[in-house]
Amino acid sequence: MKAAVASNKPVDKLSEAEAKAELERLAREIAHHDELYYAQDAPEISDADYDALRQRNAAIEARFPSLVRADSPSSRVGAAPVAVFGKVRHAVPMLSLGNAFTAEDVVDFFARVRRFLRLADDATVELTAEPKIDGLSISLTYESGRLVQAATRGDGTTGENVTPNVMTLKQIPRRLAGKGVPGLIEVRGEIYLRHDDFEKLNAEQAAAGAKVFANPRNAAAGSLRQLDSSITARRPLRFFAYGWGAASALSVDTQFGVYKRFEQWGLPLNPLMQVCRTAEEVLAFHREMEAQRAALGYDIDGVVYKVNRLDWQERLGFVSRAPRWAIAHKFQPQEATTRLNDIEIQVGRTGALTPAAKLAPVTVGGVVVSNATLHNEDEIARKDIRIGDTVTIRRAGDVIPQVMGVVLDKRPKGAKAYKFPEVCPACGSAAVREVDERTGRADVVRRCTGGLICPAQAKERLKHFVSRNAFDIEGLGEKQIEAFYDEGRIMQPADIFTLAERDARLAEDKRLAAKKGYGAKSIENLFKAIEARRAIALDRFIYALGIRHIGETTARDLAKALGTFDAFRTAAVAAAKGGKDSDAYQELDNIEGIGATVVDALIDFFSEPHNLQALDDLSAQVAVEPFVRATAASPITDKTVVFTGTLEKMTRPEAKALAERLGAKVTGSVSAKTDYVVAGSDAGSKLAKARDLGVEVLTEDEWLKLVSGET
DNA sequence: ACCCCTCGAGTTCT
DNA sequence: CTCGAGGGGT
């Protein structure tokens with residue numbers, strides 16, 4: 001059967017005959033997809049498309065109750081529709097927690113607990129410490145070990161009955177296993193979505209034209225409150241247990257002891273839970289969690305401490321709506337809302353048009369953010385971001401601010417959908433999205449076709465040329481390039497090396513010395529820095545050209561294979577002349593790490609007379625040194641090394657250069673092929689992954705010993 | 001024909 | 001740091 005999509009005709013426009021026919025078709029299709037999904041585990045449509053079918057079915061049935069079929073999908077077992085969620089009164093209220101925002105608040109908490117229990121100031125108070133999951137609280141009632149009811153937190157006193165939906169969660173046991181299961185226990189915990197699952201869900205929602213969720217918590221809440229539990233079943237909701245309400249005969253005397261029991265019974269626990277004995281330990285845990293926050297894969301908004309001894313918990317009791325024996329230690333919020341004042345289009349080195357959000361400055365996670373990338377045209381359309389909108393900003397752990405979505409309630413009247421420009425803002429050339437010939441899909445990036453005539457691209461290429469891993473000319477950074485280009489001093493790479501000579505011939509008032517901020521000394525330094533780069537390694541030279549798809553590594557591959565600038569130039573020119581079937585094309589294609597895409601990019605570059613001219617002008621000015629093979633064998637020759645965390649004794653680039661000089665390959669991500677992971681302080685996800693894969697992990701000192709040849 | 005690994009490109013703020 | 005995609009191995 002063909003992948004079906006709900007038909008478009010509005011339900012209220014359907015005739016009775018049409019409705020009847022469509023209900024029949026929907027019953028057949030949904031049954032078919034159910035079979036594929038449940039029995040064969042091979043769905044052929046996305047969950048969102050499937051949901052759309054079911055929702056359409058429900059809508060038609062609602063309008064034509066007389067047409068509801070005996071085999072209606074909505075009446076199938078496991079999919080019983082719940083008209084309205086029933087209300088559930090919590091036997092023991094689900095309270096909130098007091099908050100701590102600073103270390104001082106935490107120390108105060110310890111002091112309050114000691115004072116209340118009349119303990120000495122130096123008495124040990126054990127606390128459990130655990131991440132505070134940002135999801136929705138849920139209460140699970142187990143009678144004789146069987147799950148009989150699930151309810152949301154609601155207002156703390158009364159929640160909603162979501163039992164059929166919760167029953168579909170794979171991580172929530174229907175029956176508690178093992179010893180010591182009490183006759184009655186109400187387990188509490190958090191239902192949440194992982195980031196990757198959330199992204200996937202949203203992509204599917206978007207593809208199906210359905211609602212896109214603003215964040216994982218909303219998506220989890222939306223998924224749990226589905227009227228049709230078979231939709232919930234298809235959402236990858238997860239669960240962590242962290243407490244309990246009513247319970248009979250637990251026969252355990254600590255909070256952590258109960259967690260251990262939970263685990264034995266088959267309830268999922270957050271693996272990061274631990275016991276702390278001092279304020280210092282607790283604060284260290286908080287710091288650790290904040291550092292790991294981004295790498296966890298799910299949202300947390302702080303950590304929670306609970307007095308470990310249950311008899312003490314009982315004595316401490318409650319103040320108004322929060323227990324005295326627990327506290328939530330919040331992180332600095334990493335999310336904020338602000339106004340999007342404008343969308344600016346930046347033109348990159350390759351001509352890519354990248355939209356940037358200009359924001360009313362707002363503090364997120366401790367820094368003031370005023371810019372955020374909007375990635376591309378589709379992203380703006382998907383989130384329907386408009387100028388003047390109030391948007392939510394998040395600093396994901398990677399530190400880079402992201403626009404998560406729009407606060408629709410605050411959209412100004414008359415705000416129009418954003419129209420992405422189809423001409424380059426810098427040069428006016430057409431900006432197009434290339435269409436892949438094979439798949440017929442348009443590239444996500446729109447590019448300026450101006451190429452050599454586009455000043456924005458020219459500037460970006462020059463910035464790339466002088467950047468750290470290319471020519472690395474001190475005193476000639478992005479700012480200077482911008483200015484020198486605008487003043488006509490440097491229009492192309494070769495101009496850098498004739499700058500001094502030309503400057504000397506200029507009229508007094510046009511010379512660099514007449515420019516604000518340029519004294520005799522800084523001019524001398526700049527010219528010296530330029531002279532120092534008249535000799536350059538072949539790989540850096542190739543990289544500096546900024547040819548598409550040729551980054552640092554590929555430039556090195558080419559340099560290594562071809563050896564000299566002349567060989568490189570000859571091979572590329574011959575391939576450009578000879579085309580796909582020439583020997584020169586094959587020679588390049590055969591180089592390790594080089595494929596058709598890279599060769600085609602080379603050909604594009606070398607087919608352009610202006611580029612050849614610029615290249616010849618440049619090579620008249622600089623001496624390109626032949627590629628030099630790495631030094632003799634060392635303990636790390638041909639090993640793959642990954643650096644992570646903060647190194648103390650040298651910077652990352654230094655460490656990388658050293659490793660490469662000794663014949664090692666340095667990569668950015670840990671995989672099964674990695675030989676060593678060198679972990680500095682505050683190492684995060686890469687370290688975790690290395691442990692996962694059983695890759696050897698070295699401290700910085702061990703690493704230094706290894707490379708210096710000691711054992 | 002896939003899948004894994006790695007590379008390239010784009011990005012914010014201090 | 002992350003995404004998307006190129007390259008190469010199975």
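Atom set for the values below is all heavy atoms of this structure, side chains included, hydrogens, waters and symmetry mates excluded. A note on names: the letters A, B, ... follow the listed sequences, proteins ahead of strands, and every chain is numbered from 1.
Within a 6.0 Å radius of CG in A:Asp675, more than 12 heavy atoms belonging to other residues, nucleotides or ligands are found. Within a 6.0 Å radius of CD in A:Glu482, more than 12 heavy atoms belonging to other residues, nucleotides or ligands are found. For CD of A:Glu474, the number of neighbouring non-hydrogen atoms (other residues, nucleotides, ligands) closer than 6.0 Å is 12 at most.
No hydrogens or angles considered: a donor-acceptor pair under 3.5 Å links the side chains of A:Asn270 and A:Tyr298.
Using a 4.5 Å heavy-atom threshold, the side chains of A:Val573 and A:Lys577 count as touching.
Backbone-only engagement by A:Val369 is indicated by non-hydrogen atom pairs under 4.0 Å involving sugar-phosphate atoms exclusively.
If you measure from atom NZ of A:Lys358 to atom C1' of B:dT11, you get 12 Å, rounded to the nearest angstrom. Distance A:Gln402 CD to B:dT12 P: 11 Å, rounded to the nearest Å. In this structure, the CG atom of A:Asn469 is 13 Å from the C1' atom of B:dG8, given to the nearest Å. The separation between A:Asp557 atom CG and C:dG7 atom P is 11 Å, rounded to whole Å. A:Arg556 has its CZ atom 17 Å from the P atom of C:dG7, to the nearest Å. Rounding to whole angstrom units, CG of residue A:Leu359 and C1' of B:dC13 are separated by 14 Å. The separation between A:Leu374 atom CG and B:dT11 atom C1' is 12 Å, rounded to whole Å. Distance, A:His375 NE2 to C:dC3 P: 9 Å, rounded to whole Å.
Note that the CD1 atom of A:Ile473 and the OG atom of A:Ser467 stand 10.0 Å from one another [nearest 0.5 Å]. How far OG1 of A:Thr350 is from CD of A:Glu460: 9.5 Å, rounded to the nearest 0.5 Å.
Between A:Lys665 and B:dC7, a side-chain N or O to OP1/OP2 separation shorter than 4.0 Å is present.
Contacts between residues 578-603 of chain A and DNA chain C, defined by a heavy-atom separation under 4.0 Å, are made by A:Ile591, A:Glu592, A:Gly593, A:Ile594, A:Gly595, A:Ala596, A:Thr597, A:Val598.
You'll find that the side chain of A:Ser370 is closest to B:dC13, out of B:dT11, B:dA9, B:dC13. Taking the side chain of A:Thr350 as heavy atoms from C-beta on, and the options B:dG8, B:dT12, B:dG10, the nearest nucleotide is B:dG10. Closest to the side chain of A:Arg548, from the set B:dG10, B:dT11, B:dA9, is B:dA9. Relative to the side chain of A:Thr553, the nucleotides B:dG8, B:dT6, B:dT12 differ in distance, and B:dG8 lies closest. Picking from B:dG8, B:dG10, B:dC13 the nucleotide with the shortest atom distance to the side chain of A:Asn371 gives B:dC13.
When each of A:Arg349 and A:Ala356 is assigned the nucleotide of DNA chain B with its nearest heavy atom, A:Arg349 is the one assigned upstream, toward the 5' end.
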